[in-house]
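Not measured: the values here are computed from a predicted model. Order of the sequence lines fixes the chain letters, A, B, ..., with proteins taken first and strands second; residue numbering starts at 1 for each chain.
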Number of protein chains: 2
Amino acid sequence: MESSAHRILLVDDEPDVLEFIGYNLKKSGYQVYTTQNGRDAIEKAKEVNPHLILLDVMMPEMDGIETCEEIRKNEQLHNTIIAFLTARGEDYSQIAGFEAGGDDYITKPIKPRVLSSRIKALLKRYKEKVKDQGEDETIIKKADLTIDKEKYLVQKGDKDLVLPKKEFELLLLLISKPDKVFTREEIFSRVWGEDVVVGDRTIDVHIRKLREKIGGEHIKTVKGVGYKYVE
Amino acid sequence: MESSAHRILLVDDEPDVLEFIGYNLKKSGYQVYTTQNGRDAIEKAKEVNPHLILLDVMMPEMDGIETCEEIRKNEQLHNTIIAFLTARGEDYSQIAGFEAGGDDYITKPIKPRVLSSRIKALLKRYKEKVKDQGEDETIIKKADLTIDKEKYLVQKGDKDLVLPKKEFELLLLLISKPDKVFTREEIFSRVWGEDVVVGDRTIDVHIRKLREKIGGEHIKTVKGVGYKYVE
DNA sequence: ACTTAGGCTTAAGGCTTGGTTAAGGAAAAT
DNA sequence: ATTTTCCTTAACCAAGCCTTAAGCCTAAGT
């Protein structure tokens, strides 16, 4: 029973808080882990792969923001939901929190009832997040194309193609939802990342190379909107 | 591009504030509408159905709280996020604000960077709110028409039509409220954006092309007023 | 019947947007 | 250190969407 419950990692430097919140979470049926600082938190997170991390912002040595950024760097923990705990009135940290990749923000003092419903909502979101990416499948087949995420390999018919990273990821994105039009913005943010800035023509060039390799009929342009993959 | 961006309605009695914040929001890619008092705000809100309303608390005649309560009475605007703008230190108004149905509370003076990340978070919340209720549908069906926002595709009967961007968005707008008459102003503001200026005949031409493609019987002209979609 | 207001139609150009190519720099492989 | 591959940029080109302009049509008012 325990192992099927949701795992929550609780991080705060004050033992009283750990005690109090931890007790309430356990009572609600969660599997609770605790640490008292950021560094241990990262270790523990890698170890137990929690569904949700509750992270105090104000901690000595390594604060919550920093810890969050560190956690976000870990591929394995990509789906983990992170929520910050903070004292009322620290507006500033809220902003930093979202920028660091946090998903929510809970102000202390914490009322158990509030916390519990908030966490329920967060875990619901977790499920959706995971479902959206859905197919963790390493192999995708579409028409005459076979894509192997793990091996970074694409087969067209019976020919093997080796695509460079950017081209591969672009293809993967488009093919993940056939017929859906991806805007340039979407493509940038999913393939290049939020804060990388590259010129407008960069996508075109990659699209062109893809068309060259997998056949132009599959990738269609919707002018003024974006690109899509069709069978 | 315009109509697919998030719409923000900004309400403040000081033109300077409208100018400053408005400029920054536009730069961040939002579609911005402004009014200088509560009564106009309610009108504008009904018209453009914004995702987010930024509402100054201190305004002559009808203050932000009152405006908020009024807006909350409107069923159509039930999903709209409302955030208050207020000078630091007016703590009492914060409580009143939440009681009136506000979702957040932003203190002036406003730093652009702070505002932008705050708004990003708010709009994220909007999406969840809407998704929970299952709105924001990507597929709309009306009579013999099927419109797929995601695929940017219109099906009439069993024929696939690919509409250019402006035509597509125009159709989307009209069909979003069948039988409602959209004035030319409304259409300009929602499809072209607030600050784009184009001649009067432009809409006619697009309407004509739409009629040509989806059948003239669906789109009716109401002389002197505007256009509407009927079954 | 004439006038006028408002919308319809058409075609032509401008202008936005995407395609193409080549070249230079960065990164990785040898 | 050298070579090769990959990514990005820039310049130019092509396509077609968007807008405009001008004349036509219809309905309503004079």
(request) Using a 4.5 Å cut-off on heavy atoms from C-beta on, say whether the side chain of B:Lys26 contacts that of B:Asp195. (result) yes
(request) Please find the earliest and latest nucleotides of DNA chain D, in the 5' to 3' direction, that have an atom within less than 4.0 Å of any heavy atom of chain A. (result) D:dC6 to D:dG16
Between protein and nucleic acid, restricted to nucleotides 4-7 of chain C and to nitrogen or oxygen atoms under 3.5 Å apart, what atom pairs and distances do you find?
from	atom 1	to	atom 2	distance (Å)
C:dG6	O3'	B:Gly224	N	3.4
C:dG7	OP1	B:Gly224	N	3.1

(request) List in chain and number order the residues that pass salt bridge (charged side-chain N to carboxylate O under 4.0 Å, His left out) with B:Glu212, two or more places apart in sequence or in another chain; answer none if no residue qualifies. (result) B:Arg208
(message) Whole angstroms only, please: what is the CG-P distance between A:Asp200 and C:dG18?
(response) 8 Å
(request) Kindly calculate the angle separating the two end axes of the helix from C:dA1-D:dT30 to C:dT30-D:dA1, each obtained from five base pairs, and round it to 10 degrees. (result) 20°
(message) Distance check needed: C:dT16 P versus B:Trp192 CH2, whole Å only.
(response) 16 Å
(request) Please state how far atom CD in A:Glu212 lies from atom P in C:dA22, giving the value in whole angstrom units. (result) 11 Å
(request) Sequence neighbours left out, what passes salt bridge (charged side-chain N to carboxylate O under 4.0 Å, His left out) with A:Glu43? Give chain and number order. (result) none
(request) Work out which heavy atom in B:Ser176 is nearest to a heavy atom in B:Phe182; give both atom names and the distance. (result) OG-CZ, 4.1 Å
(request) With sequence neighbours left out, write down each residue that passes side-chain hydrogen bond (donor to acceptor under 3.5 Å, both in side chains) with A:Lys156, or none if nothing qualifies. (result) A:Asp144
(message) Using whole Å, what does the distance between atom P of nucleotide C:dG18 and atom CD of A:Glu185 come to?
(response) 12 Å
(message) If the threshold is 4.0 Å, N to carboxylate O, is there a salt bridge linking B:Glu186 and B:Lys180?
(response) yes
(request) Determine, stepwise, if the pair A:Asp160 / A:Gln155 fulfils side-chain hydrogen bond (donor to acceptor under 3.5 Å, both in side chains). (result) CA-CA 5 Å; A:Asp160 279 15; A:Gln155 288 186 323; 3.0 Å; yes
(message) I'd like to check the salt bridge (charged side-chain N to carboxylate O under 4.0 Å, His left out) partners of B:Lys213; sequence neighbours left out, ordered by chain and number.
(response) B:Glu167
Below 3.5 Å is the cut-off: list the nitrogen or oxygen pairs between protein and nucleotides 24-26 of chain C, distance only.
none

(request) Could you note down all residue pairs passing ring pair (Phe, Tyr, Trp, His ring centres under 6.0 Å) where residues 162-181 of chain A supplies at least one of them, sequence neighbours left out? (result) A:Tyr152-A:Phe168
Below 3.5 Å, can you tabulate the donor-acceptor pairs from side chains in residues 219-231 of chain B to any protein atom, sequence neighbours excluded?
from	atom 1	to	atom 2	distance (Å)
B:Thr221	OG1	B:Arg211	NH2	2.7
B:Tyr227	OH	B:Arg184	NH2	3.2

(message) Rounded to whole Å, please give me the gap between NE2 in B:His206 and C1' in C:dT9.
(response) 15 Å
(message) Could you check whether any side-chain heavy atom of A:Leu9 comes within less than 4.5 Å of a side-chain heavy atom of A:Leu54, counting everything from C-beta outward?
(response) no
(message) Holding to salt bridge (charged side-chain N to carboxylate O under 4.0 Å, His left out), I want the full list of residues that pass it with B:Glu150, two or more places apart in sequence or in another chain.
(response) A:Lys177
(request) For A:Arg39, enumerate each residue passing the side-chain hydrogen bond (donor to acceptor under 3.5 Å, both in side chains) test, keeping only those at least two apart in sequence or located in another chain. (result) none
